[in-house]
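Since the structure is predicted, the reported quantities are computational estimates derived from the model, not experimental observations. All ligand and atom numbering here is 1-based and tracks the order in the structure.
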Amino acid sequence: MELNILNIAERIPTEADAYKFLEELRWGGSEPSCPHCGSIAAHYFLSTKDGAARKTRTGSLSQRRVWECKDCHKQFSVLTGTVMHGTKIPVRTWVFVIFELCSSKNGVAAREVERKYHLTPTTAWFLLHRIREAMRPGEPASLLTGRVVADETWVGGDPENRHGHTPRTGGQGHTDKTPVMSLVSRETGEVRSRVVANVSGRSLKAVLHENTDPKATHLQTDVAWAYKAIGKGYAQHTFVDHSAGEYVRDGAGTNQVENYFSQLKRSIDGTHHHVSHRHLGRYLAEFDFRHSTHRLSDTIRMETLIGRVAGRRLMYSDSRQGCRA
Ligand SMILES: [Zn+2]
């Protein structure tokens with residue numbers, strides 16, 4: 001059944017139902033393997049099978065569904081080792097917010113999550129960043145091949161300066177915006193965006209070489225001088241000259257990446273208002289994830305994300321320090 005926010009609410013009336021819902025998405029109804037020792041032996045199930053609340057040591061009722069490994073006897077739940085590990089936020093809230101982030105084109109504002117789910121501003125902010133962390137693709141990613149469109153832009157900055165001068169090259173003019181380079185595969189629709197120190201040929205080339213196989217890639221860009229030099233190392237390079245009114249040449253063009261940039265900027269201006277430089281990488285992960293999976297239904301996108309939450313953790317201190325990309 002195709003998921004929407006209404007039928008999700010009906011499927012998870014209690015916390016125990018939310019655990020079961022995640023178990024189904026993550027483990028597909030089979031017995032989980034132990035996240036501590038990897039054992040795939042059968043597990044004892046500590047919570048009641050029908051999902052009813054069980055008594056904790058202190059006598060209060062808990063709806064957490066906990067498993068115990070037959071081999072190492074350690075306990076775990078569907079949240080263990082994921083971005084939801086150790087959370088104090090209700091699991092139902094996680095499921096709702098994950099779905100909202102998977103199904104909304106422009107993302108979800110922290111203030112909206114705070115108001116809707118009665119969370120503190122810090123908790124709402126952290127919840128969203130933990131989900132974004134799960135959206136980041138695992139390393140190492142394979143190299144893109146075939147037709148790849150590349151371009152760079154400037155995003156973020158103080159809203160006060162938003163309509164001001166936007167330099168196209170590094171070092172010219174003053175800006176508080178951050179340069180971002182994006183690659184879009186025209187074969188699969190996958191998008192990879194990176195914060196770059198500047199838009200010098202060297203920086204752009206480094207991102208391209210980390211993400212593409214030049215011998216098997218048809219690079220498509222605008223006429224920026226940097227790309228002319230970089231393109232020489234590629235199997236094929238087609239560029240379009242926007243200043244000459246040219247947008248497509250022999251079926252090649254930069255439309256895909258420009259559409260991505262306009263969506264990204266619309267969202268940052270309209271939904272988030274301000275995104276600081278140090279957190280931008282995580283917003284890019286969110287936009288890349290949604291854009292890369294735009295051919296999938298909201299349901300499959302959510303399943304994909306739940307599959308990725310395993311093995312990801314983001315401690316509060318890490319999220320405050322910004323991130324890698
Ligand atoms: Zn174990």
Side-chain angles (χ1 to χ4, degrees), residues 3 8 11-99 101-102 123 126-142 282 285 289 293 299-321 323-324:
L3 296 175
I8 290 177
R11 273 176 74 170
I12 55 168
T14 67
E15 277 293 278
D17 293 312
Y19 274 87
K20 271 197 269 188
F21 179 77
L22 287 174
E23 286 172 6
E24 211 172 286
L25 286 182
R26 194 176 161 195
W27 298 329
S30 53
E31 296 255 297
S33 64
C34 170
H36 304 292
C37 73
S39 168
I40 48 166
H43 298 81
Y44 294 114
F45 189 58
L46 296 183
S47 179
T48 53
K49 285 267 184 195
D50 60 4
R54 65 190 171 87
K55 280 225 166 91
T56 64
R57 252 171 279 162
T58 57
S60 63
L61 291 176
S62 169
Q63 299 208 20
R64 281 181 64 213
R65 282 165 59 95
V66 181
W67 302 69
E68 189 181 277
C69 175
K70 256 189 175 176
D71 284 336
C72 73
H73 302 289
K74 285 183 181 157
Q75 296 184 357
F76 63 92
S77 79
V78 69
L79 312 184
T80 304
T82 76
V83 291
M84 295 176 269
H85 191 104
T87 185
K88 300 268 191 294
I89 303 166
V91 177
R92 290 181 80 226
T93 302
W94 276 96
V95 172
F96 291 137
V97 178
I98 287 174
F99 186 77
L101 218 51
C102 280
T123 306
F126 188 47
L127 169 64
L128 285 167
H129 271 297
R130 288 218 271 183
I131 300 171
R132 291 185 183 112
E133 184 62 22
M135 288 175 158
R136 192 196 293 279
E139 307 284 350
S142 59
R282 247 183 251 114
F289 173 77
T293 57
T299 307
I300 305 288
R301 188 175 303 113
M302 179 147 173
E303 283 178 15
T304 306
L305 181 60
I306 297 300
R308 281 192 190 179
V309 298
R312 301 290 174 81
R313 287 189 69 181
L314 177 69
M315 305 311 290
Y316 185 71
S317 56
D318 296 339
S319 75
R320 280 290 178 191
Q321 276 160 12
C323 59
R324 290 158 288 138

Under 2.8 Å from the Zn ion (ligand 1), which protein N/O/S atoms are there?
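Short answer, with waters excluded from the count: Cys34 SG, Cys37 SG, Cys69 SG, Cys72 SG.
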Got a second to check how far Tyr19's OH is from Arg26's CZ, nearest 0.5 Å?
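Those atoms lie 12.5 Å apart.
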Name the orientation class of the two ring planes belonging to Trp67 and Phe76 (parallel below 30°, tilted from 30 to 60°, perpendicular beyond 60°).
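Because their plane-to-plane angle is under 30°, the rings of Trp67 and Phe76 count as parallel.
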Got Met84 and Ile89 here, is their nearest side-chain heavy-atom distance under 4.5 Å?
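When only atoms from C-beta onward are counted, Ile89 and Met84 do not touch, as no gap falls below 4.5 Å.
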For the side chain of Arg282 and the backbone of Arg132, is there at least one donor-acceptor N/O pair under 3.5 Å apart?
no
Could you check whether Arg136 pairs with Glu133 (Lys NZ or Arg NE/NH1/NH2 to Asp/Glu carboxylate O, under 4.0 Å)?
yes
Salt bridge or not for Glu15 and Arg64, using N-O below 4.0 Å?
no
